[in-house]
Engineer: 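Input: one structure, supplied below.
Numbered from 1 within each chain, the chains take letters A, B, ... in sequence-line order.
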Number of protein chains: 2
Amino acid sequence: MTAGAPAKDDKTPRTARGERTRRALLSAAAEEFGEKGFHDGSISGITRRAGCALGSFYTYFDSKDDIFRALVNDMSGQVRDYVSPRIAQARDGIDAERIGLLSFLEFARAHKEIYRIIDEAEFVDQAAYRAHYENTASRMAARLAKAAARGDVRADVEDVHAWAIMGMNVFLGLRYGVWDDSRPAEEIAAIANALVERGIGRAD
Amino acid sequence: MTAGAPAKDDKTPRTARGERTRRALLSAAAEEFGEKGFHDGSISGITRRAGCALGSFYTYFDSKDDIFRALVNDMSGQVRDYVSPRIAQARDGIDAERIGLLSFLEFARAHKEIYRIIDEAEFVDQAAYRAHYENTASRMAARLAKAAARGDVRADVEDVHAWAIMGMNVFLGLRYGVWDDSRPAEEIAAIANALVERGIGRAD
DNA sequence: TTTGAAGTTGAAAGCCGGTTCAACTTTCAT
DNA sequence: ATGAAAGTTGAACCGGCTTTCAACTTCAAA
């Protein structure tokens, strides 16, 4: 077997035209669900935006849930693919986390629908929701472990730190990326990074 | 005028019996929405749990949205009322945040439905969702400002720190409160609090 | 004891959107 | 060129859920 899915009746497009329609549906779904949320968004809304007939939807997706699942994976991958290469440029372990937040803020500002899509996965497809955050956290934990080995950060870093910093990033992205993007992303990232590096305890 | 609402047709119970039914509906709704989420949860599910007839629901609430809004306010208040008095016992500004997270973890472990309810407000009632987090963040920012004045924390603390720490708390509550509560809450709170106080930068 | 306001009941109206389907069009390998 | 596979179409089906409503019951004040 080549692909991961068993595929009783395969909905993969076989044609360039089919591929185009599938992509159109997927990005129409990002708009529709981003604006209205999963439940208020409708399949007819998606096909209208995509410029195709209602029935065509079912050529490529089994159900409303199915396209949503595909969309969550897609967005999750997009964030990762935007952030990862930037982090690779960092000078050290602490700087890596600064760049991680900075680029996440940039991404959130450019794709404000991301929260409405990822967050709603908690209700539509819990597995995808948990997978998204568990993957993100374990990538971060791995970076921190390497940084610890290099001596960039304390030796006792563990998963709890990764979840803490990820939570920080998510909420800063919501507040200073999606809800209000008037402050420079660099400034937010710098403040948060100082917190991660030295904390806010009295410097004595 | 006494109350805040104009109340064209007032649904406030006038009777002890009415009050009891309303409370029963509200806590049934917490169960129903906590288990199934807003959209999969049904009003008949709520009235079944509450042990009353479908029609009685509309004696106290205008709509499904209406009871959800009431529920979000209720839960938001419950967290605040659980956490606030505990924080007041803290020895200093840093300890206050440790206790804040600790008691939030305890609360989340005892009320695992809280995430499904607050988070879904993002889609059902954005205003309530933002209000919840903005209130929480500004209470924290006020505490931090006081702590700064007292010299417990750096003088330059601001809203960004509050949002960062709140995000930390929310994600630690999800991961180590709701999803897996096998580690002692004190341990999680201590690790996160050390991050807040001194950061994870190399101690040099 | 009477009375009417408050509360209860559950059947059914009404709505809405996901999904199906059979006829039709386009594509492309041969 | 041609036929079979791939893709398109949108009306209609379908089931579920919110909301309404008019008859009925409870309760407490007069």
Engineer: Output the distance between atom CD (A:E106) and atom CG (A:L101), rounded to the nearest 0.5 Å.
Structural biologist: 10.0 Å
Engineer: Counting only heavy atoms not in B:R23, do more than 12 fall under 6.0 Å of its CZ?
Structural biologist: no
Engineer: Heavy atoms from C-beta onward define the side chain here; which of D:dT8, D:dT19, C:dT9 lies closest to that of B:S56?
Structural biologist: C:dT9
Engineer: Could you work out which one of C:dG7, C:dT9, C:dG18 sits closest to the side chain of B:C52?
Structural biologist: C:dT9
Engineer: Taking NE2 from A:H39 and C1' from D:dG16, how many angstroms apart are they, rounded to a whole number?
Structural biologist: 14 Å
Engineer: Grab the CZ-C1' distance between B:R48 and C:dG10 for me, whole Å please.
Structural biologist: 13 Å
Engineer: Rounded off to whole Å, could you give me the CD1-to-C1' distance for the A:I43 and C:dC16 pair?
Structural biologist: 13 Å
Engineer: With a 6.0 Å cut-off on the ring centroids, do A:F38 and A:F123 count as close?
Structural biologist: no
Engineer: Indicate whether any N or O donor in one side chain lies under 3.5 Å from an N or O acceptor in the other, for A:D10 and A:T12.
Structural biologist: yes
Engineer: Nearest-Å distance, CG (B:D66) to P (D:dT18)?
Structural biologist: 14 Å
Engineer: Rounded to whole angstrom units, what separation is found between the CZ atom of A:F61 and the P atom of C:dT19?
Structural biologist: 13 Å
Engineer: Which of these nucleotides, C:dG18, D:dT9, D:dA6, is closest to any side-chain atom of A:R14?
Structural biologist: D:dA6
Engineer: If I take atom CD from residue A:Q78 and atom CE from residue A:M75, how far apart are they, to the nearest 0.5 angstrom?
Structural biologist: 5.5 Å
Engineer: What integer distance in Å separates B:K11:NZ from C:dA6:P?
Structural biologist: 14 Å
Engineer: Out of D:dA12, D:dT19, D:dT8, which has the shortest distance to the side chain of A:Y60?
Structural biologist: D:dT8
Engineer: Closer than 4.0 Å, any side-chain N/O of B:T59 to the OP1 or OP2 of C:dG7?
Structural biologist: no
Engineer: Could you tell me how far apart B:K36 (NZ) and D:dC17 (C1') are, to the nearest whole angstrom?
Structural biologist: 12 Å
Engineer: Would you mind telling me which of C:dG17, C:dT8, D:dA6 lies closest to the side-chain atoms of A:S42?
Structural biologist: C:dG17
Engineer: Look at A:R17 and D:dG7 and indicate whether a side-chain polar atom (N or O) is within less than 4.0 Å of OP1 or OP2.
Structural biologist: no
Engineer: Return the 5'-most residue of the pair A:G55, A:S44 with respect to DNA chain C, ranking by each residue's nearest nucleotide.
Structural biologist: A:S44
Engineer: Report the residue (B:T15 or B:G41) whose heavy-atom-nearest nucleotide on DNA chain D is the more 5′ of the two.
Structural biologist: B:G41
Engineer: Could you state the atom-to-atom distance from CG of A:L54 to C1' of D:dG7 in whole Å?
Structural biologist: 15 Å
Engineer: Answer yes or no: does a side-chain N or O of B:Y58 lie under 4.0 Å from OP1 or OP2 of C:dT8?
Structural biologist: no
